[in-house]
Amino acid sequence: MIPDAFRLDGKVALVTGASAGIGAAIALALAQAGADVACHGNTRSPQQACEGVETQGRAALGLTGDLADRATPLRLVEQTLARFGQIDILVNNAGTIRRTPAADYSDDDWDAVLEVNLGSVFRLSRAVGQHLMGRESGGKILNIASLLSFQGGITVPAYAASKGGVAQLTKALANEWAAKNINENAIAPGYIKTDNTLALQQNETRNRQILERIPAARWGEAHDLAGAAVGLCSPASDDVHGHVLLVDGGWLGR
Ligand code: NAP
């Protein structure tokens, strides 16, 4: 039955950047669908996300670590495996944005954004991919891309480069791993009300311009991503590989 194809009972998910915003909403949605969830945060505790998972009757594990540090991805995977013994779903959601005109963009900002948004996505996917390849049932890897996987943006060159890279990495890994029952896909959110977009929400002119251009005429909410995320992490999407799904209120079609 089709509702069963969206169930995640008995699955274990690792969600990065679950201390807030989109990651917290996805962690909760995966738990509602039946998964146990390891919730990661960096400067903020993932405690609230863990409590949300537990209110669904699922087991939670709180993890912390800076994904600008190359050692963090493997540690997160090892800690999740030590607690649950398996990982079936990886959601690469953690991401950062630093705004400066390109001519003044510092090497430090470039390196940090590329490592958090792209390098760590590769390192986490590689570690979980190795785990998933060792078994027949495979698994799901979901990356959080962006409208700037397709568009260049302004004063966010590292973010645009990293998110363009996320879309390409999604396809590259899907090509290698689809035959091993590993689905690698991405969601490209539009303008979502989170801390990440606070500066835009609070800028009266930019806020108006953004709303005028979105066909749905509203900002997205973090929970707007939940249905697409559960679908792409569940058996319902077993033949979907290398896809970047827009959840953007219609922005890119305009
Ligand atoms: P958010 O509320 O600011 O959450 C970002 C998450 O990423 C937080 O959990 C944060 O952890 C984590 N993070 C940031 N830097 C990190 C680092 N160095 N190491 C480890 N974790 C780090 O923003 P959000 O909007 O939910 O963003 C989630 C994802 O969606 C990001 O990949 C973002 O690029 C993408 N996205 C967002 C929008 C939007 O409109 N909001 C649009 C397109 C794409 P701490 O807070 O604990 O430090």
Side-chain angles (χ1 to χ4, degrees), residues 14-29 37-50 52 62-76 90-99 108-121 123-124 142-151 153 156 158-167 169-170 186-203 206-207 210-211 213-214 216 218-226 228-229 244-249 251-252:
L14 166 57
V15 181
T16 67
S19 55
I22 292 170
I26 290 177
L28 179 63
V37 188
C39 302
H40 156 266
N42 182 30
T43 58
R44 290 174 285 189
S45 163
Q47 181 64 26
Q48 211 176 332
C50 288
L63 300 170
T64 53
D66 185 355
L67 287 169
D69 178 346
R70 280 185 175 203
T72 302
L74 190 55
R75 177 173 59 76
L76 298 182
L90 166 66
V91 181
N92 284 308
N93 164 79
T96 190
I97 191 162
R98 297 189 186 181
R99 299 173 191 276
D108 284 350
D109 280 352
W110 176 269
D111 289 347
V113 172
L114 263 292
E115 186 55 38
V116 174
N117 291 8
L118 183 58
S120 82
V121 172
R123 277 176 249 288
L124 277 153
L142 177 64
N143 300 321
I144 303 303
S146 168
L147 290 175
L148 297 198
S149 297
F150 308 96
Q151 301 177 306
V156 286
Y159 185 85
S162 69
K163 293 295 185 177
V166 166
L169 182 63
T170 299
I187 291 175
Y191 285 85
I192 312 295
K193 269 191 185 169
T194 66
D195 293 347
N196 182 294
T197 52
L198 213 51
L200 296 175
Q201 294 170 51
Q202 290 172 345
N203 180 322
R206 286 293 286 128
N207 187 50
I210 286 166
L211 285 175
R213 194 191 181 290
I214 299 175
R218 68 168 178 89
W219 282 79
E221 302 285 346
H223 62 74
D224 283 316
L225 283 302
V244 183
L245 178 64
L246 288 162
V247 181
D248 68 344
W251 173 283
L252 207 65

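Read the numbers this way: they start at 1 and go in the same order the structure lists the ligands and their atoms. Along the sequence shown, the residues carry numbers beginning at 1. None of these values were measured; they are calculated from a predicted model.
- Interface of Arg44 with ligand 1, defined as ligand atoms under 4.0 Å from a residue heavy atom, comprises 3 (O), 45 (P), 46 (O), 47 (O), 48 (O).
- Under 4.0 angstrom from ligand 1, the non-hydrogen atoms of Lys163 all belong to its side chain.
- Under a 4.0 angstrom heavy-atom cut-off, Ser45 registers as lying outside contact with ligand 1.
- Across all their heavy atoms, Leu76 and His40 have their closest contact at CD1-CD2, 3.7 Å.
- Set against the non-hydrogen atoms of Gly41, the atoms of ligand 1 under 4.0 Å away are 47 (O).
- Scanning the protein heavy atoms around atom 10 (C) of ligand 1, the nearest turns out to be Ser19 OG, 4.1 Å.
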Between Leu225 and Ile144, is the side-chain contact (heavy atoms from CB on, under 4.5 Å) condition met? List the steps. CA-CA 10 Å; Leu225 283 302; Ile144 303 303; 5.9 Å; no
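- The aromatic rings of Trp251 and Tyr191 are tilted relative to each other, their planes meeting at an angle between 30° and 60°.
- Between the side chain of Thr64 and the main chain of Asn42, no donor-acceptor pair closer than 3.5 Å is present.
- Counting non-hydrogen atoms of neighbouring residues, nucleotides and ligands closer than 6.0 angstrom, the CD atom of Gln48 reaches no more than 12 such neighbours.
- Nearest heavy-atom pair across Ala188 and Ser146 is CB-O, 3.6 Å.
- Which parts of ligand 1 touch Tyr191 is read off a 4.0 Å heavy-atom cut-off, strictly below it: atoms 40 (O).
- Within the 4.0 Å heavy-atom criterion, the part of Val116 lying near ligand 1 is the side chain and not the backbone.
- Among all protein heavy atoms, the one lying closest to atom 21 (N) of ligand 1 is His40 CE1, 3.4 Å.
- The closest approach between Ala145 and ligand 1 falls below 4.0 Å for a heavy atom of the residue.
- Nearest protein heavy-atom neighbour of atom 43 (C) of ligand 1: Pro189 O, 3.5 Å.
- Distance from atom 23 (O) of ligand 1 to its nearest protein heavy atom, with residue and atom name: Asn196 CB, 3.2 Å.
- The Gly65 neighbourhood of ligand 1 comprises atoms 19 (N), 20 (C), with distances under 4.0 Å to a heavy atom of that residue.
- One N or O on the side chain of Asp224 and one on the backbone of Glu221 form a donor-acceptor pair closer than 3.5 Å.
- Below 3.5 Å of separation, one finds an N or O of Thr194 facing an N or O of ligand 1.
- Here the closest heavy-atom approach between residue Pro46 and residue Gly62 is recorded as CG-CA, 4.0 Å.
- Of all protein heavy atoms, the one closest to atom 5 (C) of ligand 1 is Gly95 O, 3.8 Å.
- Checked against side chain to side chain contact (heavy atoms under 4.5 Å, CB included), Leu28 has the following partners two or more places apart in sequence or in another chain: Gln32, Gln56.
- By the 4.0 Å heavy-atom criterion, Ala188 is excluded from the residues contacting ligand 1.
- In Thr197, the part holding a heavy atom less than 4.0 Å from any atom of ligand 1 is the side chain.
- Contact between Asp108 and Arg98 at its shortest, heavy atoms only, is O-NH1, 4.3 Å.
- At least one side-chain heavy atom of Arg123 sits under 4.5 Å from a side-chain heavy atom of Glu115.
- Under 4.0 Å from ligand 1, heavy atoms of Asn93 appear from its side chain as well as its backbone.
- Looking at atom 17 (C) of ligand 1, its nearest protein heavy atom turns out to be Asn42 ND2, 3.4 Å.
- For ligand 1 and Gly21, the ligand atoms under 4.0 Å from any heavy atom of the residue are 2 (O), 26 (O).
- Between Asp195 and Arg44 there is a salt bridge, since a side-chain N of the basic residue sits under 4.0 Å from a carboxylate O of the acidic one.
- The protein heavy atom nearest to atom 48 (O) of ligand 1 is Thr43 OG1, 2.6 Å.
- By the side chain to side chain contact (heavy atoms under 4.5 Å, CB included) test, Asp111 pairs with no residue at all, sequence neighbours left out.
- The protein atom (non-hydrogen) at minimum distance from atom 38 (C) of ligand 1 is Gly190 O, 3.9 Å.
- Residue Leu147 has no N or O atom closer than 3.5 Å to an N or O atom of ligand 1.
- Remark: the backbone N or O of Asp66 is paired with a side-chain donor or acceptor of Thr72 at under 3.5 angstrom.
- At least one heavy atom of Tyr159 lies less than 4.0 angstrom from ligand 1.
- Ligand 1 has an N or O atom lying under 3.5 Å from an N or O atom of Ile192, backbone or side chain.
- At least one N or O atom of Ile22, backbone or side chain, sits closer than 3.5 Å to an N or O atom of ligand 1.
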